[in-house]
**Student:** 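My questions all concern the structure below.
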Amino acid sequence: MTGLLGTVIDAAIGWLVQSTLESFFTGQMEAWTREIGIAEDVEKLKLQMRYVEMVLAAAKGRRIDNMPLAQSLDDLRDLLYDSEDVMDELDYYRLEQQIKGKDCSTLSDSGANPEGSYVSSSSPSSVFEFVYKATSQITSWALSGRKRKREEDQPAHSTMLPLEIKHDISKRINVIVDKLCTIGNSVQRVLQVDISCPIATSSESQNTARNPRMTTSVPIESKVYGRDAERDKIIKLLINGKSSDLNVLPLVGVIGGVGKTTLARFVYHDQRIIDHFDLQIWVCVSTDFNEVRLTSEILEHVCEDRQEYEKVSNPDVLQNILLKYIRYKRFLLVLDDMWEEKDRIGWINLLALLRNNQAIGCMILATTRRKSVAKMIRTMADVKVNGLDSKNFWLFFRACAFGDASYEGSPSLQSIGKEIAKALKGCPLAARSVGALLKTDRRYQHWVTVRDKWKSLEVADDILPILKLSYDYLPVHLQRCFLYCSLFPEDYRFSCRKLVREGSYHVMHDLMHELAGRVSSNECATIDGLKSEAIQPSVRHLSIITTAFDTDKCGSFPIEKFDKILQKSGPLQKLRTLMLFGRSSINLLGSLRILCKNAKYIRFLRIYVTYADISSIHSSLNPCHLRYLEFICVRTKNIAVYGVYNNTVFPQALTRFYHLQVLNAGISFSGNLALPSDMHNLVNLRCLISHEKVQHAIASVGNMTSLRELSFKVQNVGSFEIGQLQSMNELVYLEISQLQNVKTKEEASGARLLDKEYLEFLSLSWEDSSTNLEHDTAKDVLEGLQPRQNLKLLKISGYGGATSPTWLSSTLSITSLQVLHLEKCREWQVLTSLEMLPSLRKLTLIRMLNLMEISVPSLEELILIDLPKLEKCIGSYGMELTSHPRVLMIKNCPQLNEFSLFQSYSSFDAEQKSWFPSLRKLTIMRCPHIINWEILPLKEMGALKELELMDLHVVRELTVRSLEKLVLIKMASLGVCNSLKTSPPLHILPSRRDENKWRSSLCRLTIHDCPSMMVSHPRRPCALISELSVRGVPTLPTMRMNQRRFKIESNESSVLHGRVLPFHILRGITTLQIENCPNLVSLSSGGSRGLTGFTSLTELVLDRCPKLVSLLVGETKDDGIMFLTSLRSLDIKMNPELSSEWDLKLQEQEQGGNQIQLLPPSLDKLVIMALTDSFQSHLLPCLPSITVLKIHRSPELTSLQLRCCTTLKELEIEECVSLASVEGFQFIRNLTSLKVSGSPGVASWSELVSHQQGASEIWSGLETLWISDASVLCMPFCKQLTSLRHLQFGYWGRKQGESVVSLTEEQEKALQLLTSLQELKFLRCPELSSLPANLHRLTSLKTLSIMHCKSITRLPDMGLPTSLRCLKLYNCSEELGIQCRIAATEKLTVMIDHQDVN
């Protein structure tokens, strides 16, 4: 409780007093407390707090140098918090009485809140204020710092406060007043302060001087000072490494902020490094050396397809994925900010993985403050990083303090600056921090004060006192925000979109995070994993971090250990903030409920829950104080499968949280989220983060006048009419849909958009179905929706008028507009008023069916899509038109023949000026008249990265610089594209460095139907290519690659080699499909043949390739499919040639005494067609690890030998019409799935198998059964299907046999015995006329699917099971569809032809 000892009395405690006085002691509160008879007590508290405020103001800056004084100030602070709590509670009851006392129906009719009395008197002084500002998407509001306007003098609704509540509050206020008086007097005596002089105002006091970091490779310094020699030394060490082993070079700087990361960035971005290494990877290690996390972050650099690894938690699988992307590539890996030297095993494992990439010269550059870390990791001598020398440090410091390193003015300030710079001892971070502090105020006295304060810090080698000085100079409210930063995990990524609505993300430097932890230790605490640190009783803000356990297996979370830590933390009754980080914290929900019940003053709660928990979590919370409530929903397996989350219900009790300002329910909730009827009672709610359907469903939303963001659907119902928007003047983001329900200009004007001074984003839409709406009516409505001048983004969709509204074409209406989006405005014909919008940067026009002419100003982005009558797109700014565009997209504008931007080329060419110098993306599709060049003049577009062209028949040649994305479709005349070929040809390049020079940067390539294109020497695509699609090009086969899956087809080719196949990028693919290659004999990859180099291949599909025998069998004893050790799945069709070659291979192996092996032992899935008896007897014994076996279309197969397939889990048999026996079935004891279709003999052999020893154990473990013959239900083995969860009747193969007509009485009885059945499907049963009559008795059934069963016209008369949660229909009768629609309820989701009908 003595956290203030040794510090000084600053304005922080005084600010707490001021914020409480300003927030609660208002005219509104005074009037209400008089009515309920508690005004005298409140006035006493107000006077006593004023007294404390004066004492603290008079003593500000005095040193706290004795324990009793520190204790008294601690007690004083606690009492001030108690004062805020009791006044906040009183304000809650005031709000409650006003909301309950109002005639809500009257308010609903007007959509207004005329008295403004719903606004809370309180203003958050807790962590909410920081986090809301940091996470709100309504950033303009957050940054402007504006406060709600209050009408102080309006009388409150007169309703008596319950006597017991009144007495309790009165008693608590008087206790607080007495203690404030006693302690305040004590503090005044000890400090001997005079409080007769006037005290400073809050704004004056804030202007008076007072006493885990995630780094990235992106440079934050405009210039790096004094590091050139060190940079060159490091680069020389990195690029001269010729060893085949992986070398590690540590950069060691024991002082934080000395510039290790800056130096590493300096090296990382040097052109010599870029040219030398194939891959550059930057990972911030920080204090958590987690092998799995580091592997995943390295994968983020080398693998674009996040889906491939983001859900993988197994370290071995992750490492194999990484290895396939870095193999044969020379890489530089920067491991920044390493701290942990204890996990030597983790380091060795990571190093072993990286060493397996089989490339020479790979390097790791690591930065650390610890010599012990450097000693553990280094393979080369450390590079010591010290502070800058005095000359360069002064230049850097001068740049920080004056904004210019060459600044020579203000000699007096420069003299002081040199004194400070000398004391900083060459530390760049200190220079940046103190320099920024000096830069804010160029007055001499300010600089002297900073210098003197600095001298008193006695900093030695510790950087934190320097940063503490900057902290001391922050305004008090920003100091509070900084304290709360300690609650977030180290290296937490604050999304830039949430902070400032652009960019990627921001992180806090680890030293800043450490400082935040130190200065907040009295009030903030963190439980990080199982690290147990004592939590002080004074703590009011707590975060619990469990992210370290998020990847652990289910059931391994240490709940008991966390519970012990929470128990040690004490009762935490005064807790105001509780933040959870980590999905695994869902395991603590029970303990957290208890904690929340005991913590009566919670204002901020961020918690992980299941969807079902949302409806009950409120019972653990006190509604009086809560400001911020965020649910992060964790889906359980059952929810994911059966969609229970669609029926989540928000409790009615939630509408009593009148102080709530942010409710974050996530945007993933569907329209089935049930809202309470009184949702509009949340009158202080500023931000509702949810699915738009949730916002559409709020009745009388006009009462929620504090909202900053709203999606509103106009309906012809009083509580949903457009007048609801009238008094919602705090809105920043507003979407209004279904405007066809507004009939007049006057009705539209009732929304009072002109009054909404903070509105920046506005979307107005009419439904497509409103085609009969009179044009004049639509125009009048749009005229009535005129916004204020400061609007930045406007979207209009479905508007039926023929012209723009007058306020869009006026020079004074919306001059701040930056983005204009018009879509499906069918009658609009001319758009020529855009020059009136001086700030316009982006213009999007989509499906404007009658638009004929537009006039555009200079823009950054122009998008024209589906404008069938557009003839002219002209501009009036001459050459400026092409100087700014970054994105130009024109699609489906077949009549466009006058386009100023392109017609200006001749002027640029004549004057030798750059044409479209900033353009990054150019798309022209189905616009045949837009250009008439045979050679597209793209070479001047130096910034161009993405090019998409379609149906430009006149173009014969493309000359363009290196691209990242290229799409060419139906370019009938195009013969040459320099982005696709090399010059000189690749096969004569002399060295690896030269090859890198010619290697393309293409990551996405699509070429379709270009019959004239000749690619004689294809340029090698980027090694990290993510998308490839080629078809209809004479010299190339049909190819497609996506998500590391590669498919190729070629009717003509007999050999596929490096001139047509990009083998260098196929080394890392996981799936290879070779289909419809009737003449293909072999593959040839450089010096090797077949699939020898495909070390990452896990799935191989060969279809309609009868001659491709060598690929499977191999041409030598060292190649063939059996050497693909990573292969897990094989899909092939047998043919006589393949059978013959494999027979020869078997004879060679037998004669040589070798083990018989046709396929790799790693194979666990085999899909095979045309299997014969003779071959399967040799094949299956070679597959000891097979878990999935699918045998399709094998009419000659009569018997199946499964004796060796003991690991088999899934067996699928389709169209094996002669199959009569299965031997060894009793040995496959792991079988969980059996699927049989078009194989009539299976019923008889399954009956025979039932009598074999051990068969009952197999049937009892079966979970999935697909059958086409319902008679199987009556066989004895069906009584043993005690674990069956999924049952399907019908045909799912290519051919259809005899259909199920109906289930007999005996079959229906057998169906009732399947008590564990959760899913039942009827598929392609055209003659099935009715569903089982006793279907309702399947009490475990969750899902019922009926597909392609036209004869079923009704549901069973006895109804459906009460357990049913999902009913799916596809291609069924209309009669059945009608019945199913009627059956839909909140609990039962009905899907008809893939559409949710609920």
**Student:** Would Arg1104 and Glu1049 pass as an ion pair if we require N to O under 4.0 Å?
**Tutor:**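 Answer for the salt bridge query: no.
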**Student:** Pick from Thr1187, Thr1098, Asp1164: which one makes a side-chain hydrogen bond (donor to acceptor under 3.5 Å, both in side chains) with Arg1128?
**Tutor:**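 Considering Thr1187, Thr1098, Asp1164, a side-chain hydrogen bond (donor to acceptor under 3.5 Å, both in side chains) with Arg1128 is found only for Asp1164.
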**Student:** Looking only at atom types and distance, does a side-chain atom of Gln1176 sit under 3.5 Å from a main-chain N or O of Ser1199, one as donor and one as acceptor?
**Tutor:**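 It does hold such a pair.
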**Student:** Specify the closest pair of heavy atoms between Ala1383 and Leu1355, including all atoms of both residues, with the distance to one decimal.
**Tutor:**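 The pair with the smallest heavy-atom distance is CB-CD1, 4.2 Å.
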**Student:** Between atom CG of Leu1376 and atom CG of Leu1369, what is the distance when rounded to the nearest 0.5 Å?
**Tutor:**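 Interatomic distance, Leu1376 CG to Leu1369 CG, rounded to 0.5 Å: 4.5 Å.
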**Student:** What distance separates Ser1373 OG from Ile1352 CD1, expressed to the nearest 0.5 Å?
**Tutor:**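 Rounded to the nearest 0.5 Å, the OG-CD1 separation comes to 8.0 Å.
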**Student:** Are the side chains of Arg1045 and Ile1069 in contact, using a 4.5 Å heavy-atom criterion?
**Tutor:**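 Counting from C-beta outward, Ile1069 and Arg1045 never come under 4.5 Å.
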**Student:** Where the side chain of Asn1230 meets the backbone of Thr1206, is there a donor-acceptor pair that is under 3.5 Å apart?
**Tutor:**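 Flag set: sc Asn1230 to bb Thr1206 pair under 3.5 Å.
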**Student:** Applying side-chain contact (heavy atoms from CB on, under 4.5 Å), run through Leu1344 and Leu1338 and close with a yes or a no.
**Tutor:** CA-CA 11 Å; Leu1344 174 62; Leu1338 297 176; over 6 Å; no
**Student:** Does Ser1050 have any side chain to side chain donor-acceptor pair (under 3.5 Å) partners at least two apart in sequence or in another chain, and if so, which?
**Tutor:**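 Checked Ser1050 against side chain to side chain donor-acceptor pair (under 3.5 Å); matches are Ser1053.
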**Student:** Step through the shown structure and confirm whether more than 12 heavy atoms of other residues, nucleotides or ligands are within 6.0 Å of NZ on Lys1235.
**Tutor:**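 Above 12, so yes.
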**Student:** With a sphere of 6.0 Å drawn around CD of Glu1196, does it hold more than 12 non-hydrogen atoms of other residues, nucleotides or ligands?
**Tutor:**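 Counting other residues, nucleotides and ligands, CD of Glu1196 stays at 12 neighbours or fewer.
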**Student:** Is any side-chain heavy atom of Gln1226 less than 4.5 Å from a side-chain heavy atom of Glu1257?
**Tutor:**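 Heavy-atom side-chain distance check fails, nothing below 4.5 Å.
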**Student:** Decide yes or no for Leu1281 and Leu1287: does some side-chain heavy atom of the first lie under 4.5 Å from some side-chain heavy atom of the second?
**Tutor:**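 Answer no - side chains too far apart.
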**Student:** Keeping Ser1218 on the side-chain end and Thr1198 on the backbone end, is there a donor-acceptor pair under 3.5 Å?
**Tutor:**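 Answer holds: no.
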**Student:** Say you draw a straight line from SG of Cys1205 to CG of Leu1231; how long is it, rounded to the nearest 0.5 Å?
**Tutor:**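 So the gap between those two atoms works out to 11.0 Å.
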**Student:** Is the backbone N or O of Pro1078 less than 3.5 Å from a side-chain atom of Asn1051, with the two atoms forming a donor-acceptor pair by type?
**Tutor:**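 Not confirmed, Asn1051 side chain does not pair with Pro1078 backbone.
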**Student:** At what distance, to the nearest 0.5 angstrom, does CG of Leu1320 lie from CZ of Arg1285?
**Tutor:**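 Between atom CG of Leu1320 and atom CZ of Arg1285 there are 15.5 Å.
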**Student:** Is a donor on one side and an acceptor on the other found under 3.5 Å between the side chain of Asp1103 and the backbone of Asn1076?
**Tutor:**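 A pair under 3.5 Å: no.
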**Student:** So does Ser1237 get a backbone contact from the side chain of Ser1239, meaning a donor-acceptor N/O pair under 3.5 Å?
**Tutor:**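 Present.
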**Student:** OG1 of Thr1070 to CG of Leu1097: how many Å apart, nearest 0.5 Å?
**Tutor:**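 Output value for this atom pair is 7.5 Å.
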**Student:** Counting distance only, does the side-chain N/O of Ser1260 pair as donor-acceptor with the main-chain N or O of Ile1258 below 3.5 Å?
**Tutor:**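 No: the side chain of Ser1260 does not pair with the backbone of Ile1258.
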**Student:** What heavy-atom pair brings Asn1371 and His1348 nearest, and what distance separates the two atoms?
**Tutor:**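 Distance-wise, the nearest heavy atoms are ND2-ND1, 2.9 Å.
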**Student:** Among Glu1214, Met1169, Lys1165, exactly one meets side-chain contact (heavy atoms from CB on, under 4.5 Å) together with Lys1190. Which residue is that?
**Tutor:**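 Of all the options given, the one that passes is Lys1165.
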**Student:** Would one find more than 12 heavy atoms of other residues, nucleotides or ligands at under 6.0 Å from atom CD of Glu1137?
**Tutor:**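 Counting neighbours around CD of Glu1137, more than 12 heavy atoms of other residues, nucleotides or ligands fall under 6.0 Å, so yes.
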**Student:** We want to know whether Ser1340 and Ser1316 form a side-chain donor-acceptor pair, criterion being a heavy-atom distance below 3.5 angstrom.
**Tutor:**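 Ser1340 vs Ser1316: no donor-acceptor pair found between side chains.
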**Student:** Within this structure, what is the CG-CG distance for the pair Leu1341 and Leu1360, rounded to the nearest 0.5 Å?
**Tutor:**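 Rounded to the nearest 0.5 Å, the CG-CG separation comes out at 9.0 Å.
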**Student:** Sort and list the pairs that fulfil ring-ring contact (aromatic ring centres under 6.0 Å, His included) and have at least one residue in residues 1304-1334, not counting sequence neighbours.
**Tutor:**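 Qualifying pairs, neighbours excluded: Phe1289-Phe1322.
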